[in-house]
Undergrad: 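Have a look at the structure that comes next, please.
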2 protein chains.
Amino acid sequence: MSTEEKILQAAMDIFLEKGLHGTKMQEIADKAEINKAMLHYYFRSKEKLYAHVFEIVFKHVFEELHQIFTSEESFETQVHTFVNKYIDLIKNNPRIPLFIIRELGQGGEVAANTFKNAIAAENYMLPHSFIVAAKNAVETKQIKPVDPRHLLITLLGSCVFFFIAEPMISVFLNNDPSFNREMFINQRKNEIINVLLNGIKP
Amino acid sequence: MSTEEKILQAAMDIFLEKGLHGTKMQEIADKAEINKAMLHYYFRSKEKLYAHVFEIVFKHVFEELHQIFTSEESFETQVHTFVNKYIDLIKNNPRIPLFIIRELGQGGEVAANTFKNAIAAENYMLPHSFIVAAKNAVETKQIKPVDPRHLLITLLGSCVFFFIAEPMISVFLNNDPSFNREMFINQRKNEIINVLLNGIKP
DNA sequence: ACTATATTTAACCAATTGGTTAAATTATAT
DNA sequence: ATATAATTTAACCAATTGGTTAAATATAGT
């Protein structure tokens, strides 16, 4: 593993866990087992290193989800697949939602730039492929007329909000001593699919 | 205005804008026009002052929304009112969603404690009143059988996600040169109400 | 072998910042 | 009026931390 790769790996681990401001350059250097000066040698500044990591994480999420809406399946099936895959992805990478949310909470400049670059490069454009698929579904009367932009926001918000707000939500859910997180997340998939697909039926 | 009030007012303004870590004690002191030592004299530490502010903000949001689901209206009307009021509240206090999100992004310890205290005091318990209302609506067949906990999460996520993710979403929405934020937010209310109420119709 | 270039290290620096303290001022009670 | 307690101020402190630098070491090209 080259020094640069060691840095990126360590930086990703720690930025994902602690965000931009919670992460210290020395901590990344320690984890990568290299001298702190190497961080600046390879990546100039903390912000640049962070932006680098953000882009990798962002790509990882959006590339996979983007593809779903370019398939030949029915729109209903696509939404079904989307919810399952998105929530599974979060379950397997539980740090990702908070990582992105923290970035947005800082003002989201890095996120906005990453997004702009993705649009310019015409890459992994989830919003675009979703909106094309949804428009088509409206035209072919698979679903009733809805604004695809709003539908996408509702879908994303429904999937991700639990994981963002979990520190507070879990206080309430744990009032029930038999509460089981794993089971609840699986129910969550079905409830989202049920309510939303039902809500847009023609 | 007493020194203590001046501090709280200034702290609220700045914490709301910049979050815990973005806010400097000196900045609060300057805005309140008092000596920095007074902050510690009245509130001991930055964290304690922050927690104080968080509780005030949190109460402000949840008290108003809580009441909706204690009314005698039909559940459908209550949901309608909730979406309109919640989104209006955010429009009038645009810093609030990011403020709470930033707190959750830091781990949400302060948020969790505030929430626990609210439960213990049996105060402004939005989740409780919502779940009672939704259960009742299921039993009286006003809506089809859904898990009220999931419905609440879907509802909150749908309302708030746009404002959280706006730095990214707006990059995409602004591709359309005629995009109008004010109009879009009003549409957002109706789309949420339409899709969700339709989704839970018996 | 020698030179130029790239990489690595350890020591250092300047700025920031939450918090403290001792002395000064003001308010309160007797 | 005087003692006591509460409030306010200015100066100070220690720790943190992103970033720099000059010298040392390794690598590659000729």
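Reminder, nothing fancy here: chain letters follow the sequence lines and each chain counts from 1.
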Undergrad: Which of parallel (below 30°), tilted (30 to 60°) and perpendicular (above 60°) describes B/F69 and B/F75?
TA: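 Judged by the thresholds at 30° and 60°, the geometry between B/F69 and B/F75 is tilted.
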
Undergrad: Could you tell me whether A/Y42 contacts a base, only the sugar-phosphate backbone, or nothing, with contacts defined as non-hydrogen atoms closer than 4.0 Å?
TA: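 Sugar-phosphate contact only.
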
Undergrad: Any base atoms under 4.0 Å from A/S2, or only sugar-phosphate, or nothing? Heavy atoms, all strands.
TA: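 Nothing: the residue A/S2, judged by heavy atoms under 4.0 Å, touches no strand.
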
Undergrad: Look at B/Y41 and D/dT9 and indicate whether a side-chain polar atom (N or O) is within less than 4.0 Å of OP1 or OP2.
TA: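 Answer is no, no contact under 4.0 Å.
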
Undergrad: How about A/F162 and A/F184: are their ring centres within less than 6.0 Å of each other?
TA: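 Distance test on ring centres: under 6.0 Å, yes.
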
Undergrad: Of the listed nucleotides (D/dG18, D/dT8, C/dA10), which one gets closest to any side-chain atom of B/M38?
TA: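 Between D/dG18, D/dT8, C/dA10, the one nearest the side chain of B/M38 would be D/dT8.
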
Undergrad: Using whole Å, what does the distance between atom P of nucleotide C/dT20 and atom CZ of B/F43 come to?
TA: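 After rounding, the gap between these two atoms is 16 Å.
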
Undergrad: Using whole Å, what does the distance between atom P of nucleotide D/dG19 and atom CD1 of A/I7 come to?
TA: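 Rounding to the nearest Å, CD1 of A/I7 and P of D/dG19 are 14 Å apart.
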
Undergrad: Could you grab the distance from atom CZ of B/F163 to atom CD1 of B/I100, nearest 0.5 Å is fine?
TA: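 Between atom CZ of B/F163 and atom CD1 of B/I100 there are 13.0 Å.
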
Undergrad: Tell me: CD of B/E27 to P of C/dT17, nearest whole Å?
TA: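 Interatomic distance, CD of B/E27 to P of C/dT17: 9 Å.
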
Undergrad: Quick check for you: among D/dT9, C/dG19, C/dA10, whose closest atom lies nearest to any side-chain atom of A/N35?
TA: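 Looking only at side-chain atoms, A/N35 lies closest to C/dA10.
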
Undergrad: At less than 3.5 Å, do the side-chain atoms of A/K36 and the base atoms of D/dG19 form a donor-acceptor pair?
TA: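 Indeed there is one.
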
Undergrad: At under 4.0 Å, does any side-chain N or O of B/T3 touch on OP1 or OP2 of D/dT7?
TA: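 Answer no for this pair, as no side-chain N or O of B/T3 is under 4.0 Å from OP1 or OP2.
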
Undergrad: What's the closest nucleotide to the side chain of A/K46 if the choices are D/dG19, C/dT21, C/dT17?
TA: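 Out of D/dG19, C/dT21, C/dT17, the nucleotide with an atom closest to A/K46's side chain is D/dG19.
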
Undergrad: Tell me whether B/Q26 contacts the main-chain N or O of B/K36 through its side chain, where contact means a donor paired with an acceptor under 3.5 Å.
TA: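 Checked: no pair found.
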
Undergrad: For B/K24 and D/dT16, give me the distance from atom NZ to atom P, rounded to whole Å.
TA: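 In whole Å, D/dT16 P and B/K24 NZ are 16 Å from each other.
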
Undergrad: Which listed nucleotide (D/dT8, C/dG18, D/dA10) is nearest to the side chain of B/M25?
TA: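 In terms of side-chain proximity for B/M25, the closest of D/dT8, C/dG18, D/dA10 is C/dG18.
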
Undergrad: Would you indicate which nucleotide in D/dG18, D/dT21, C/dG18 comes nearest to any side-chain atom of A/H40?
TA: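 Nearest listed nucleotide: D/dG18.
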
